[in-house]
Amino acid sequence: MLQCFNIFVDMTRKVRVRYAPSPTGPQHIGGIRTALYNYLFAKKHGGDFILRIEDTDQGRYVPGTEEYLIDAIKWCGFDFDEGVHVGGPHAPYRQSERKAIYKQYADQLIASGNAYYSFDSNEAVDAKRKEAEQNKKNWQYDASTRGEMVNSLTLSPAEVDQKLKEDAPFAIRFKIPADEEVVVNDLIRGRVVVHSKQLDDKVLFKSDGMPTYHLANIVDDHLMEISHVIRGEEWLPSAPLHVLLYRALGWENTMPEFAHLPLLLKPDGNGKLSKRDGDRLGFPVFPLNWTDPKTGEFSSGYKEAGYFPDAFLNLLAFLGWNPGTEQEIFSMEEMIQAFSLEKVSKSGAKFSLDKARWFNQQYLQKKSAKEILSLVQLPANNLSEAQLEKVVELLKPRCVFAKDMISVGAYFFAAPTEYDAKTVEKKWKDNSAQIVKDVAELFEAAPVFKAALLETSFKGYMEEKQLGFGAAMPPLRLVLSGAGEGPHLFDIAEILGKEECLKRMKSGIENIEKISLPKN
RNA sequence: GGCCCGUUCGUCUAGGGGUUAGGACGGCAGAUUUUCAUUCUGUUAACAGGGGUUCGAUUCCCCUACGGGCUACCA
């Protein structure tokens, strides 16, 4: 592998990249990552980021997926400069709406001898393949076999004219050069060489009047002045074909540079992550919730799972890219600055749920209470805004997602109805009720209901009664929160307020004595 | 099967002819804490194998193995 190819990025040309999904289903996180890398690359170089919808296969169209993708990208916090939803100088950006454009280029290729009409039925081609299979051989429509098929290379010009006049169904195939080394310079992988013998005469134009991906892709990238094609590794095998197409169309000088990204792999078994993996893997595979319009099957998304968009983006970016420093938390701006294709790794990455949660937790810790309150609806009960902010500060270090606060801090929002059984069993002693009663009196007498003050008077009481924290605190915590663990107890007490504390102390004693009775 | 791409701790990765092979997540242990969490400290664990090239290879080359992708008138 020649590493020198990694370094060269032609900066004399305006950087224009595209994300070109096919609306055959919701884009999973792998697709979002591809879009993100395209975006980062574009913005790093002051370029444009374009959305083009590759809907040349009408049979696989799934309604709603185009909107889904745009929503997902927007949720992530970025957007396209040109595309189906925002327009642009190269509109339309949907290939089905560009249908009229492609035929002329197919014709041009025929005229220049780089393509030909194929009149073979699917059945005829399949038969050839099956026959070869039985002999344990490969068959492909190529230089070695096209002579035995029904096409404009084997038919006389008159016969071809006749067929076309009769409206006989035809496809247009690319005529791959018979004997040539085709070189693809990949920005991530270096120089990749494939012999043209390995390539088949791909259909460029289908009998339904639509181009195939290969033709439409090259034509649109050329017309839209795309400078870099950054896409998944699954396209690497067809990259030589694309290089040949650029050349045959006479566009070799403005051919985009290629970068083939490593794939996102299934964390269990093997294989690339698929949109069919849905929720099977124990983590969301999609950015947003998705319900399949045909099957009704539901798949969960990162957004609804509680991930922050910036955390999601950060963790996604690190699946296959690393700036080479020890910094791991990156804002979008920082990512744009730090991004480079040379730092994209070559091997596939498996998703780690633990790491994903860690990223979100890090972002949660960095957010202010105000911001968190604007993102999550807490059951405020009768807590004031200021009190809620305190609650959030206390709960934050104990949570991964903002919404965790609702369950983790449930006792802030309602008096406990249950008391942690283990703690009751281990910590509720014969003198516990008395301690709670004593402290209730202390609380009652407190001139101002502040954590520091309450703690001071509590410590005085402990000293007087010769009690340790370990004996005195758990019963108090139990009656106030029902839990065996949590934030500093007097902070909780302050937020709850005198009235509420006294109420909970009273009912707590009754309730706990009831359940711990059998033991005594 | 054919072609192409890949292979550093369990995972994400840094590194690169001479390093104690670095970091992060996770795990484990400890410190702090009334408790839990946070935080901090320590610790665990990796260059797929075999040949070259070289004074010296984890790093460069080849082979093998393994993994992955592609192999449609899908994208």
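For the numbers below, each heavy atom of this structure counts, side chains included, while hydrogens, waters and symmetry mates do not. Residue numbers begin at 1 in each chain, while the letters A, B, ... track the order of the sequences.
Across all strands shown, A/G320 has heavy atoms under 4.0 Å from sugar-phosphate atoms exclusively, and none from any base. Note on A/R129: only backbone sugar-phosphate atoms sit closer than 4.0 angstrom, heavy atoms only; bases stay farther off. Among the protein residues, A/L199 comes within range of no part of the nucleic acid, since none of its heavy atoms lies under 4.0 Å from any strand. Using a 4.0 Å heavy-atom distance criterion, A/K343 is classed as a sugar-phosphate-only contact. At a threshold of 4.0 angstrom between heavy atoms, the contacts of A/N138 include nucleobase atoms, whether or not backbone atoms are also involved. Residue contacts for A/F318: at a heavy-atom cut-off of 4.0 Å it reaches the sugar-phosphate backbone alone, with no base atom in range. The residue A/T56 sits close only to the backbone: its heavy atoms come under 4.0 Å of sugar-phosphate atoms, none of a base. Within 4.0 Å (heavy atoms only), A/S345 reaches sugar-phosphate atoms of the nucleic acid but no base atom. Across all strands shown, A/A349 has heavy atoms under 4.0 Å from sugar-phosphate atoms exclusively, and none from any base. Nucleic acid contact for A/R357: none, since no nucleic acid atom lies under 4.0 Å from a heavy atom of the residue. Nucleic acid contact class of A/S207 (heavy atoms, under 4.0 Å, all strands): base. A/D404 comes within 4.0 angstrom of nothing in the nucleic acid, heavy atoms only.
The separation between A/M149 atom CE and B/rA72 atom P is 13 Å, rounded to whole Å. To the nearest angstrom, P of B/rU71 lies 13 Å from CD of A/E233. Atom CD1 of A/I329 and atom P of B/rG23 are 18 Å apart (whole Å). Atom CD in A/E485 sits about 14 Å away from atom C1' in B/rU38, given to the nearest Å. At whole-Å resolution of the value, OH in A/Y411 and P in B/rA37 are 13 Å apart. Here B/rG68 presents its P atom at 19 Å from CG of A/L261, a figure rounded to the nearest Å. Straight-line distance from the CD atom of A/E234 to the C1' atom of B/rC5: 12 Å, rounded to whole Å. For the pair A/K427 NZ and B/rU34 C1', the interatomic distance rounds to 8 Å; values are reported in whole Å.
Between B/rA29 and B/rG68, the two C1' atoms lie 38 Å apart (nearest whole Å). Of the P atoms belonging to B/rC9 and B/rU34, the separation is 42 Å, rounded to the nearest Å. Comparing the same atom, C1', in B/rU13 and in B/rU7 gives a spacing of 14 Å after rounding to whole Å. Nucleotides B/rA21 and B/rU8, compared at atom C1', are 8 Å apart to the nearest Å.
Residue A/P397 places its side chain closer to B/rA37 than to any other of B/rG68, B/rA37, B/rU7. Side-chain proximity of A/E326 to the nucleotides B/rG69, B/rG22, B/rC12 is greatest for B/rG22. Listed candidates were B/rG6, B/rC25, B/rG69. Nearest to the side chain of A/P237 is B/rG69. Minimum atom distance to the side chain of A/S22 is reached by B/rA75, of the listed B/rG2, B/rA75, B/rU34. When each of B/rC5, B/rA24, B/rA75 is scored by its nearest atom to the side-chain atoms of A/E54, the top-ranked nucleotide is B/rA75. The side chain of A/E328 sits closest to B/rG23 out of B/rU13, B/rG23, B/rC70. Taking every side-chain heavy atom of A/T212 into account, B/rA75 is the closest of B/rC36, B/rA75, B/rU13. Taking the side chain of A/V203 as heavy atoms from C-beta on, and the options B/rU34, B/rC36, B/rC73, the nearest nucleotide is B/rC73. Of the listed nucleotides (B/rU34, B/rA14, B/rG26), B/rG26 has the atom at the smallest distance from the side chain of A/D354. Closest contact between the side chain of A/Q362 and the listed nucleotides B/rU34, B/rA75, B/rU39 involves B/rU39.
Donor-acceptor pairing under 3.5 Å is lacking for the side chains of A/Y102 and A/D107. Between the side chains of A/S144 and A/D142, at least one donor-acceptor pair of N or O atoms lies under 3.5 Å. A side-chain donor-acceptor contact under 3.5 Å links A/Y116 and A/D201. A/Q95 and A/D220 are linked by a side-chain donor-acceptor pair at a separation below 3.5 angstrom, with hydrogens and angles left out of the test. A/E234 and A/H260 are not linked by any side-chain donor-acceptor pair at a separation below 3.5 angstrom, with hydrogens and angles left out of the test. Side-chain N/O atoms of A/D277 and A/H28 include no donor and acceptor closer than 3.5 Å.
Using Watson-Crick or G-U wobble geometry with both donor-acceptor distances under 3.5 Å, B/rG1 finds its partner in B/rU71. In this structure, B/rC36 forms no base pair with any nucleotide, since neither Watson-Crick nor G-U wobble geometry is met with both distances under 3.5 Å. With both pairing distances under 3.5 Å, B/rU58 is matched to nothing as a Watson-Crick or G-U wobble pair. Of the nucleotides present, B/rA65 is the one that pairs with B/rU7 by Watson-Crick or G-U wobble criteria, both distances under 3.5 Å. Of the nucleotides present, none pairs with B/rU53 by Watson-Crick or G-U wobble criteria with both distances under 3.5 Å. Nucleotide B/rC28: paired with B/rG42 (Watson-Crick or G-U wobble, both distances less than 3.5 Å).
The residue among A/Q361 and A/D126 whose nearest nucleotide of RNA chain B lies closer to the 5′ end is A/Q361.
Residue A/K128 is tested with A/E123, A/E133, A/E148 for a salt bridge (charged side-chain N to carboxylate O under 4.0 Å, His left out); the sole match is A/E148.
When the side-chain nitrogen and oxygen atoms of A/K272 are compared with OP1 and OP2 of B/rC70, one or more of them lie within a distance under 4.0 Å. Taking 4.0 angstrom as the limit, A/K206 places a side-chain polar atom (N or O) nearer than this to OP1 or OP2 of B/rA75.
The side-chain contact (heavy atoms from CB on, under 4.5 Å) check on A/E418 picks up nothing, with sequence neighbours excluded.
Figure legend: cation-pi geometry between A/R52 and A/Y19 absent, as NZ or CZ is not positioned both under 6.0 Å from the six-membered ring centre and within 45° of its axis. Taking the ring axis of A/F308 as reference, the NZ or CZ atom of A/K367 stays within 45° of it and closer than 6.0 Å to the ring centre.
Remark: the A/R60 side chain and the B/rC74 base include a donor-acceptor N/O pair separated by less than 3.5 Å. Judged by distance alone with a 3.5 Å cut-off, a donor-acceptor contact links the side chain of A/H488 to the base of B/rU34. Put simply, the side chain of A/S238 and the base of B/rC70 share no donor and acceptor less than 3.5 Å apart.
Here A/Y37 and A/W321 keep their ring centres 6.0 angstrom or further from each other.
A salt bridge links A/D200 with A/K202: at least one charged nitrogen is closer than 4.0 Å to a carboxylate oxygen.
Remark: A/M473, A/R477 in residues 470-478 of chain A come within less than 4.0 Å of RNA chain B through at least one heavy atom.
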